[in-house]
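The structure under discussion appears below in the form of structure tokens.
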2 protein chains.
Amino acid sequence: MRVLKYAILGLLDQRELTGYDITKHFKDSLGQFWSAKHSQIYPELKRLTEEGFIEFDIRIQGKKLEKKVYQITAAGKEEVRQWLRTKDPIPETTKDEFMLKTFFISSMNKKEAADLFAHQLLERTKKVDMLEQKLHALTEEDPSAESLHSAQFGHYLVLTRAIEREKGYVRWLQKTLKRIETSAV
Amino acid sequence: MRVLKYAILGLLDQRELTGYDITKHFKDSLGQFWSAKHSQIYPELKRLTEEGFIEFDIRIQGKKLEKKVYQITAAGKEEVRQWLRTKDPIPETTKDEFMLKTFFISSMNKKEAADLFAHQLLERTKKVDMLEQKLHALTEEDPSAESLHSAQFGHYLVLTRAIEREKGYVRWLQKTLKRIETSAV
DNA sequence: GGTCCCATGTAAACCGTTACATGATTAC
DNA sequence: GTAATCATGTAACGGTTTACATGGGACC
């Protein structure tokens, strides 16, 4: 598996980055589909360096703050390309605690179920708004982002996918909430 | 968190089950949104018994095969109800390795990207078919499953949600694949 | 001087998968 | 008899989160 390995190599295949920069990328749009904490990233960077897939320069910020700027090696580039070509089977399970609760809806009364769904609908709607603002900011900044040849195309694709995923969720929540509310007690 | 704890308590709140039965449930429709292997389930059952949320009877199958049939206790029922009422914030990240690769589309050439998307489209389309067959089987077996008051309503909801989730993914894949194929080299 | 952000690490605990291990029952 | 399924467990490993721990830089 070691997906984090490839996530880091993929990012470093675009530009040189510090561990801190990588952490920030996982808090941005990419974080909709993959993320890791800095406590996992720093040891992985150390390991990838030992394996020869990446290298670092130490740069001085200000007076004496040392930071490690990582670059991908030729071996690292080959490793990333091999991973990108690999077609894995799709996972059986995509974990979703809300849907687990939904499976147990017969253990809730009508009000409890309606409250749960209303809350989830509100949260997911807020998320759609947030994502649409991000997409707006991206296309403002780089109007060519929707083109295959833009360096931002991957960024554009994950945002559009995240938006459609959340909108689909919202539509299903609205439909199901109505069904719960209009059914006889 | 301990979501597996609640998944097991939720299942046992519906009916008594063995560890083996619980394992099977995670391979069924519920497995679209939560699952665990038997190697995780048996230790969790032991722990929940020690915590007083469940109990078991030993039943003899055939001549001497002993099986543990677990039942939820009053404390377990209260624990499940408290969890079902809890409104958690939605997770920032839903891990999806294919979308991680998509984010790195600028590291692929046009053919590699088209191949990757075509494969994913095929796999997701097969999954939609499989899920629709399951929904068909469910509504054949219990035509009242779409009603809030059916014991199968939770089962019906997870299936319809899984189908819509996968269909949304398929539509986005088709749209994006077309965009990749029709763009200039 | 304080607050927020930049920057890097380790340790412990927890969650999850793969592999190891065993044996009975059912249906053909 | 033999294969598939029922049934239960443990051990080792790997991935992920939370907490611990430290210090510099930029801005007000």
Side-chain angles (χ1 to χ4, degrees), chain A residues 1-9 11 16-28 30-31 33-51 54 56-70 88-89 91-97 100, chain B residues 1-8 11-12 16-28 30-31 33-51 54 56-70 88-89 91-97 100:
Chain A
M1 227 94 344
R2 286 190 66 192
V3 182
L4 179 60
K5 165 183 165 178
Y6 298 108
I8 291 174
L9 290 178
L11 286 169
E16 57 173 36
L17 296 165
T18 65
Y20 188 84
D21 294 333
I22 292 169
T23 309
K24 271 194 299 178
H25 271 93
F26 287 131
K27 285 175 189 154
D28 205 357
L30 175 57
F33 299 105
W34 205 269
S35 78
K37 313 285 182 190
H38 79 274
S39 55
Q40 201 182 356
I41 291 164
Y42 289 112
E44 187 65 33
L45 285 168
K46 193 181 175 187
R47 184 172 173 187
L48 289 169
T49 306
E50 285 160 7
E51 292 170 332
I54 60 176
F56 63 89
D57 292 338
I58 291 176
R59 304 255 173 92
I60 305 294
Q61 189 88 347
K63 291 268 155 120
K64 52 178 170 173
L65 192 153
E66 290 189 349
K67 59 178 182 178
K68 292 180 180 173
V69 182
Y70 287 90
D88 301 296
E92 293 282 311
T93 305
T94 301
K95 289 196 172 178
D96 182 335
E97 192 175 345
L100 178 63
Chain B
M1 228 95 342
R2 287 191 65 195
V3 182
L4 179 59
K5 164 184 165 176
Y6 298 107
I8 290 174
L11 286 169
L12 291 175
E16 57 173 35
L17 296 165
T18 65
Y20 189 83
D21 294 333
I22 291 168
T23 309
K24 271 194 299 178
H25 275 280
F26 287 132
K27 285 175 189 154
D28 204 359
L30 175 56
F33 299 105
W34 204 268
S35 78
K37 314 284 181 189
H38 79 274
S39 55
Q40 202 183 356
I41 291 163
Y42 289 112
E44 187 64 34
L45 285 169
K46 193 182 174 186
R47 186 172 171 186
L48 289 169
T49 306
E50 284 159 8
E51 290 170 334
I54 60 176
F56 62 88
D57 292 336
I58 290 175
R59 304 255 173 93
I60 305 295
Q61 188 87 347
K63 291 268 155 121
K64 52 178 171 175
L65 194 154
E66 291 189 351
K67 61 178 183 180
K68 292 180 180 175
V69 182
Y70 288 89
D88 303 296
E92 292 284 308
T93 304
T94 302
K95 289 195 171 177
D96 182 335
E97 192 174 345
L100 178 62

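We name chains A, B, ... by the order of the sequence lines, and we start the count at 1 in each one. Excluded from the calculations below are hydrogen atoms, water molecules and symmetry mates; all remaining heavy atoms, backbone and side chain alike, are included.
- Using a 4.0 Å heavy-atom cutoff across all strands shown, B/Q61 reaches sugar-phosphate atoms only and no base atom.
- Nearest-nucleotide positions on DNA chain D place B/Y70 closer to the 5' end than the other of B/Y70 and A/L4.
- Ionic pairing of B/R59 and B/E16 is present here: one or more N-O contacts between side-chain nitrogen and carboxylate oxygen are shorter than 4.0 angstrom.
- In this structure, B/E97 does not pair ionically with A/K5, as no charged nitrogen and carboxylate oxygen lie closer than 4.0 Å.
- Protein atom CZ of B/R47 is 11 Å distant from nucleotide atom C1' of C/dA13, rounded to whole Å.
- Protein atom CH2 of B/W34 is 15 Å distant from nucleotide atom C1' of C/dT17, rounded to whole Å.
- Across the protein-nucleic acid pair, B/E44 atom CD and C/dG16 atom C1' stand 12 Å apart, rounded to whole Å.
- Contact between the side-chain N/O atoms of A/K68 and the OP1/OP2 oxygens of C/dG9 is found at a separation under 4.0 Å.
- A sub-4.0 Å separation between OP1 or OP2 of C/dG16 and a side-chain N or O of A/K95 is present.
- Note that NZ of A/K24 and CG of A/L17 are 9.5 Å apart. Values are rounded to the nearest 0.5 Å.
- With distances taken from any side-chain atom of B/R2 to the nucleotides C/dT10, C/dC15, C/dC6, the minimum falls on C/dC15.
- If you check every strand for non-hydrogen atoms under 4.0 Å, A/K67 touches sugar and phosphate atoms only.
- When the nearest nucleotides of DNA chain C are assigned to B/V3 and A/K46 by heavy-atom distance, the more 5′-ward of the two goes with A/K46.
- Using a 4.0 Å heavy-atom criterion, one finds that A/K5 contacts no nucleic acid atom at all.
- Classification of B/E92 and A/K27 as a salt-bridged pair fails, no side-chain N sitting under 4.0 Å from a carboxylate O.
- In this structure, CZ of A/R59 is placed 12 Å from P of C/dT8, rounded to the nearest angstrom.
- Here D/dC6 presents its C1' atom at 16 Å from CD1 of B/I58, a figure rounded to the nearest Å.
- In this structure, B/S39 reaches the bases: a heavy-atom distance under 4.0 Å links it to at least one base atom across the strands shown.
- As rounded to whole Å, 7 Å separates atom C1' of D/dC6 from atom CG of B/L65.
- Panel note: side chain A/T18, backbone A/V69; no donor-acceptor pair is recorded below 3.5 Å.
- Atom C1' of nucleotide D/dG15 and atom CE of B/M1 are separated by 16 Å, given to the nearest angstrom.
- One can place NZ of A/K37 at 11 Å from P of D/dA19, the figure rounded to the nearest angstrom.
- With D/dT5, D/dT17, C/dT25 as the candidates, the nucleotide lying closest to the side chain of B/K63 is C/dT25.
- Contact between the side-chain N/O atoms of B/K64 and the OP1/OP2 oxygens of C/dA24 is found at a separation under 4.0 Å.
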